[in-house]
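In what follows, a single structure is set out as structure tokens and then discussed.
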Number of protein chains: 2
Amino acid sequence: MNRISKFFLPIKAVHVPSANTSAKKSGSELTSKSQKLLINLGLIEQSSNGCFFLLPFAQRSVDKVIKVINEEFADIGAGKISIPCLTQSSLWKKTGRFDENVGELYHVRNRHDKQFIMSPTHEESITHLLSSIPPLSHKQLPLLLYQISSKFRDELKPRFGLIRSNEFLMADLYSFDKSPEAAEETYNHVRTTIKHIFKRLGMFVTEVKGDAGMMGGDCSHELHVLADIGDDSIQHCSTCDYAANKSLGDAHTCNQCKSSNLKEHKGIEVAHSFLLGEKYSKPLTASFRNADNKLVPFVMGSYGIGVSRIISAATEALSTDDGLRWPLPLAPFSVCIIPPKEDKNKTDPISAVEKVYEAVNKIEDLRGDVILDDRTNQTIGKRLLDGKKLGFPVIIVFGKSASEDIPKYELHDVNKDECHYLELPDLLKYLNEKYSSELTPKSVFVHQFV
Amino acid sequence: MNRISKFFLPIKAVHVPSANTSAKKSGSELTSKSQKLLINLGLIEQSSNGCFFLLPFAQRSVDKVIKVINEEFADIGAGKISIPCLTQSSLWKKTGRFDENVGELYHVRNRHDKQFIMSPTHEESITHLLSSIPPLSHKQLPLLLYQISSKFRDELKPRFGLIRSNEFLMADLYSFDKSPEAAEETYNHVRTTIKHIFKRLGMFVTEVKGDAGMMGGDCSHELHVLADIGDDSIQHCSTCDYAANKSLGDAHTCNQCKSSNLKEHKGIEVAHSFLLGEKYSKPLTASFRNADNKLVPFVMGSYGIGVSRIISAATEALSTDDGLRWPLPLAPFSVCIIPPKEDKNKTDPISAVEKVYEAVNKIEDLRGDVILDDRTNQTIGKRLLDGKKLGFPVIIVFGKSASEDIPKYELHDVNKDECHYLELPDLLKYLNEKYSSELTPKSVFVHQFV
């Protein structure tokens, strides 16, 4: 049985919901709603400017993201690997990316004075891998490989907690194809898969033409969560529905239909796909054998999903000023049960609580995902307030009617701000329906650009 | 259906089993059996001296290790977190570890010239975390937190592949207690859990008194896999069964019973537990509130498991010169099925193969863990040789008797070097018995010091 008292959840400011003062560290600014809530409620903690501990509740959400990514990438035949963080600087010199980005790269020298960088992305590394092994045959393509690992960027201004941090968790997939046409097909296939991943995570994302930036290549697409604190500006044309990152050009007319019906939105980038062509495979001589048995450079694609950033972006978009709100599939726990305050004159009500806990925990989508707020020295009201702040999507309260002959429980549907009084069979039916509909890919949270 | 042709497995030297020449890189030495086999068979690949890519087969084994660690650590109430790799050097200066180990630390400066290290272990970081939050109450102790992440050590002589590498995956758990007695109880509890983890991984490990080295503290215990290439020397007393790392002292008599019946073994360290006392909590002022409401430093413990090293150590101990051998719970795939060579004059035998695949894949312990060697342009003999080299614990071959009226299949029990001709029901019975007995913690692979 999961008990809240057994979890490391160093809640700091739960009694001062609007305080901007707590958890403020020298050198950092608590400039976003999600950062303030995640720190004050004990889900993350700053270790140095731009670097964060993920504490158990945040780690649970991250592990939920990772599970969905692993399942979806396995479905498209992508192989999971690990790429070292330390990358030889010489590889980045060959592709011309070393000088361009000195400011954002962390440099390391080993004891033999050999230069490395702590990679923010791994195009060079993985291309080097493909050039190190005996050449593949064109029959083995497309090849898709990915990893989920920490990446590093020496940000000029780290901010918004996990959104713009110096060390972050990213899933990065790389594709290798035999022709530009095949590469484009793979590119579209992976993009569709990534959109499906966000559907399964219950997140509203918006796809726009991207700014390839330092990555280079032929074409890129970004996925954004729209939010006021977003670092990116997106231009959307309400005439033809075309949308692009504003940094692609600052025209006052639509790139596609030339109308001037442009509207600007702020977005947090959560994924970015790049069609790279031969930008990396040529200088690093990564080739395959084509049908004529000739060595030809791979045509590559690259795809990043900001795993830790998702936690901040998803909560930023949904939370209230007073409390975290999660897309259902991302909440650290799906259901929290609040038993009565302890009363030494009464018989122990724990068996009734255990019965409800076990019944809810038996629902397939909720197994292992139910937690008991066993701090029974505190009032129900205080714990309900905490539970709403933490953003458990459903809170079941053992109020007065729970001790009646036919017990009724308070079910708080937190995202909907609804409360229902239900007997156990109806409560289970409610949960079954809620979770089986909202945890499917057809989740109500999903949309295209609006 | 898992198909070998769909996996990135860049096999290099499968036709030259004894060659020491292939896969040799400048600056690296292929000095161990496991390193040679893991590289030549396409499970790992060097990225720079001492840094390795884990390719999909090795990654599967690593993910199996991680799953067992997560389950066992959850059982003892340890919370899973993430700790940044970048640690402020100032913390290591406070604990006195900064100057001592300059050689092995990777140093990084950010754009503001602030000093960091890429942590090889996280005692300072996690103690800093506990000093940053509002003090815990003694009632909340013991607190156990762990992570599984990449660690960094600038080795003077990286070698043996994943065994002594510069970047490696480690599980590190930290315990916080209210008294030395409570800390020792936690220490023994976690040590028992870690031994249980190795039992579940099917690995022979040996516990000896450890050399605390740079870690300091009151007491330490190491777990070793005995192997000729081991960096550590272990002295074992055959009179009283006491065993310790030789570096603890080079006496010619047993520390415990004073007999001179000492024997020396070579060992690869795969886990190390430390009872740390207040070595970190005092200088970093990490305190809790005791029963008298006074702030008192935590009494700490630290526990490391070498996750990526386990892959090399386990295969080093069991493999032959010609092929990898895995403990059953660690093999990338548990069962490989080899269908007949393609023959355009015959009807497609794939339906029979699918039937066997599905039946085997339905066995609970084998779900998702069966792979088809679908390279049917190659002979059965060639693929059986490859399968034995890769060390699938069981290989099922569709030989001549598979096309008889009552088909019989060849079941190769590779670790036992046995071959059985079995009809499908007997084959399933054999697998059921083998896996349900060998995947339990009572695995035959487990022993104490001998």
Side-chain angles (χ1 to χ4, degrees), chain A residues 5-8 10-12 25 42 45-56 58-60 62-63 77 79-88 103-104 106-112 114 116 118 125-126 128-129 132-134 136 140 143 145 147 149-150 152 154 156 166-167 169 308, chain B residues 5-8 10 12 25 42 45-56 58-60 62-63 77 79-88 103-104 106-112 114 116 118 125-126 128-129 132-134 136 140 143 145 147 149-150 152 154-156 166-167 169 308:
Chain A
S5 68
K6 300 291 176 199
F7 268 81
F8 182 61
I11 298 179
K12 283 170 191 156
K25 301 264 170 185
E45 175 70 24
Q46 185 170 294
S47 86
S48 62
N49 191 18
C51 292
F52 291 88
F53 295 95
L54 301 183
L55 303 185
Q59 186 69 45
R60 280 183 68 91
V62 162
D63 285 344
K80 190 177 178 192
I81 64 172
S82 295
I83 305 177
C85 151
L86 285 169
T87 302
Q88 301 175 68
E104 292 196 343
Y106 285 104
H107 298 272
V108 189
R109 284 174 187 273
N110 73 4
R111 57 167 81 222
H112 306 297
K114 192 162 178 171
F116 293 86
M118 297 169 74
S125 288
I126 195 139
H128 174 58
L129 167 65
S132 305
I133 59 168
L136 300 182
Q140 294 174 277
L143 172 68
L145 297 171
Q147 67 168 352
S149 71
S150 290
F152 299 85
D154 192 358
L156 184 59
N166 295 17
E167 180 169 348
L169 194 63
S308 49
Chain B
S5 68
K6 300 292 176 199
F7 269 82
F8 182 61
K12 283 168 188 157
K25 301 264 169 183
E45 176 70 24
Q46 185 172 294
S47 86
S48 63
N49 191 18
C51 292
F52 292 88
F53 296 95
L54 302 183
L55 303 185
Q59 186 69 44
R60 280 183 68 90
V62 162
D63 285 344
K80 191 176 178 191
I81 63 171
S82 294
I83 305 176
C85 151
L86 285 169
T87 303
Q88 300 175 69
E104 293 196 342
Y106 285 103
H107 298 272
V108 190
R109 283 174 189 273
N110 73 3
R111 56 167 81 221
H112 306 297
K114 191 162 178 171
F116 293 85
M118 298 170 72
S125 289
I126 194 137
H128 174 57
L129 168 65
S132 305
I133 60 167
L136 300 183
Q140 293 174 279
L143 173 68
L145 297 171
Q147 67 167 352
S149 72
S150 290
F152 300 85
D154 191 358
E155 293 282 358
L156 185 59
N166 295 18
E167 182 171 345
L169 194 63
S308 48

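Computed from a prediction, not measured in an experiment: that's the story for all the values here. Here is the naming used below: chain letters follow the sequence lines, and residue numbers restart at 1 for every chain.
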Select, from B/R111, B/Q59, B/K6, the one with the greatest count of heavy-atom pairs under 4.5 Å involving chain A. B/R111
With chain A, which of B/L136, B/N166, B/L156 has the greatest number of heavy-atom pairs at distances under 4.5 Å? B/L156
Over all heavy atoms of both residues, which pair between A/S125 and B/F53 is shortest? Give the atoms and the distance, please. O-CZ, 3.3 Å
Heaviest contributor of heavy-atom pairs below 4.5 Å to chain B, chosen from A/S5, A/G42, A/A58, A/P84, is A/P84
Would you say the side-chain atoms of A/E167 pair up with the backbone N or O of B/C85, donor to acceptor, closer than 3.5 Å? yes
Taking atom NE2 of A/H112 and atom CG of B/N49, what is their separation to the nearest 0.5 Å? 7.0 Å
Out of B/I126, B/V62, B/L54, which one racks up the most heavy-atom pairs below 4.5 Å with chain A? B/L54
Kindly compute the distance separating CD1 (B/I133) from CD1 (A/I11), expressed to the nearest 0.5 Å. 11.5 Å
Relative to chain B, which of A/Q147, A/M118, A/R109 shows the most heavy atom pairs under 4.5 Å? A/M118
Which heavy-atom pair separates A/H128 from B/S47 by the least distance, and what is that distance? NE2-O, 3.6 Å
Checking heavy atoms, do the side chain of B/Q140, its backbone, both or neither come under 4.5 Å from chain A? neither
Partner set under salt bridge (charged side-chain N to carboxylate O under 4.0 Å, His left out) for A/K80, not counting sequence neighbours: B/D63
Pick one of side chain, backbone, both or neither for B/I83, based on which atoms fall under 4.5 Å of a heavy atom in chain A. both
Part of B/F52 within contact of chain A (heavy atom distance under 4.5 Å): backbone
Where on B/S150 is there a heavy atom nearer than 4.5 Å to chain A: the side chain, the backbone, both, or neither? neither
Check side chain to side chain contact (heavy atoms under 4.5 Å, CB included) between A/P56 and all other residues, then give those that pass, not counting sequence neighbours. A/F7, A/F8, B/I81, B/L145
B/F152 vs A/V108, test: side-chain contact (heavy atoms from CB on, under 4.5 Å). Steps then yes/no. CA-CA 12 Å; B/F152 300 85; A/V108 189; over 6 Å; no
